[in-house]
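First comes the structure, then the notes that go with it.
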There are 2 protein chains.
Amino acid sequence: MELTKSHSDGTVCPVACTASIIGGKWTLLIIRDLASGLKRFHQLERSLSGISPKTLSERLRSLEEEGIISRKMYAEVPPRVEYSLTEKGQDLVAVIECMRSYGKRWLCK
Amino acid sequence: MELTKSHSDGTVCPVACTASIIGGKWTLLIIRDLASGLKRFHQLERSLSGISPKTLSERLRSLEEEGIISRKMYAEVPPRVEYSLTEKGQDLVAVIECMRSYGKRWLCK
DNA sequence: CCGTATCCCGGGAGATACTG
DNA sequence: CAGTATCTCCCGGGATACGG
């Protein structure tokens, strides 16, 4: 979402840090979908209905650079590319489940 | 962040729901700061260094309308207004603590 | 199938000045 | 102190077309 800012004491807030990682509009939903197993580009495009290929591509690239997902490409025709969560990405699933739990209560009430 | 979208089966994803609530740039940090107790407008302005009064005002108003924070105004001069988390807001603290835990691991690594 | 390349747009947020 | 009132800016993201 934005560069993490330091507090006045020079330390960085871990909450803001996490927010800056998953703050993008689609980022969290991508991780949510990868939490249930590896997916191909087109699968994600469908499950995240409404996302444009450009945006999906950008988000995937960022997440890969941050070490949250990994990209496996196969030299086949037609091409096949598979995305999955790294360990760092798996750790985020706890956050997502926490949010899911909150969202459920919100929707049920 | 954005209106929650329905899945193809008509249900709403709780993860997306929560994301839409706390997705704004400053929203999460406001709740983080209120988690440690009630705060006045100017206190928040200082702890969220960099936020403009306009934005803070807007975010506070939204959060109040969503029932996440409550606003108490005192008929004094100079005026005093106190913001605090409602029960619905307190529930979000779990999400924040989850994000804090992840952020810490990220920063320590 | 898996993406880039363009072009375009809206709205969230910044800066600043001002009021009750 | 606790906000509004303007104005402006920027860029994340949408739509679409195309390329390997």
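All chains are named by letter (A, B, ...) in the order of the sequence lines, taking the proteins before the strands, and each is independently numbered beginning at 1.
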Mind checking whether A:L85 and A:M73 sit in one hydrophobic cluster, side chains of I, L, V, M, F, W, Y counted as touching below 4.5 Å? yes
Heavy-atom count check: over 12 atoms from other residues, nucleotides or ligands less than 6.0 Å from B:R61 CZ? no
Spacing between A:Q43 atom CD and C:dG3 atom C1', to the nearest angstrom: 16 Å
Atom-to-atom span, CG of A:L63 to C1' of C:dG3 - whole angstrom: 16 Å
Contact class for A:Y83 (heavy atom, under 4.0 Å): base, sugar-phosphate, or nothing? sugar-phosphate
Quickly work out the A:R61 CZ to C:dT4 C1' distance and round it to whole Å. 9 Å
Figure out the CD/C1' separation between B:E76 and D:dA2, and round it to whole Å. 13 Å
Mind calculating the distance between CD (B:E58) and P (C:dA13) to the nearest angstrom? 8 Å
Is the count of non-hydrogen atoms from other residues, nucleotides or ligands lying under 6.0 Å from B:E76 atom CD greater than 12? yes
Measure from the side-chain heavy atoms of A:P53 and tell me the nearest of C:dG14, D:dA17, D:dT4. D:dA17
Look at the side chain of B:R40 and decide which nucleotide, out of D:dA2, D:dT4, D:dG20, has an atom nearest to it. D:dA2
Report yes if at least one side-chain N or O of A:T55 is closer than 4.0 Å to OP1 or OP2 of D:dG14; otherwise report no. yes
Looking at the side chain of A:P79, which of C:dC1, C:dG3, C:dT4 is the nearest nucleotide? C:dC1
Side chain B:S47, main chain B:Q43, donor-acceptor under 3.5 Å: yes
Rounded to the nearest Å, what distance is computed from the NZ atom of residue B:K39 to the C1' atom of nucleotide D:dG3? 19 Å
To the nearest angstrom, how far is B:R59 atom CZ from C:dG14 atom C1'? 14 Å
Whether B:S57 contacts D:dT4 is assessed here as follows: a side-chain N or O lying under 4.0 Å from the phosphate OP1 or OP2. Is that the case? yes
Return whichever of B:G24 or A:L60 has its heavy-atom-nearest nucleotide of DNA chain C closer to the 5' end. A:L60
Testing C:dA15, D:dG3, C:dC7 for proximity to the side chain of A:K54, the answer is C:dC7
Taking only Lys NZ, Arg NE, NH1 and NH2, and the carboxylate oxygens of Asp or Glu, determine whether B:D33 and B:K39 approach each other closer than 4.0 Å. no
Per A:F41 side chain, nearest of listed nucleotides D:dG3, C:dC2, D:dC1: C:dC2
Counting only side-chain heavy atoms from C-beta out, which of D:dG3, D:dC1, C:dG3 sits nearest to B:H42? D:dC1
Can you tell me if the side-chain N/O atoms of A:R71 get under 4.0 Å from OP1 or OP2 in C:dG3? yes
How many whole angstroms separate atom OH of B:Y74 from atom P of D:dA2? 12 Å
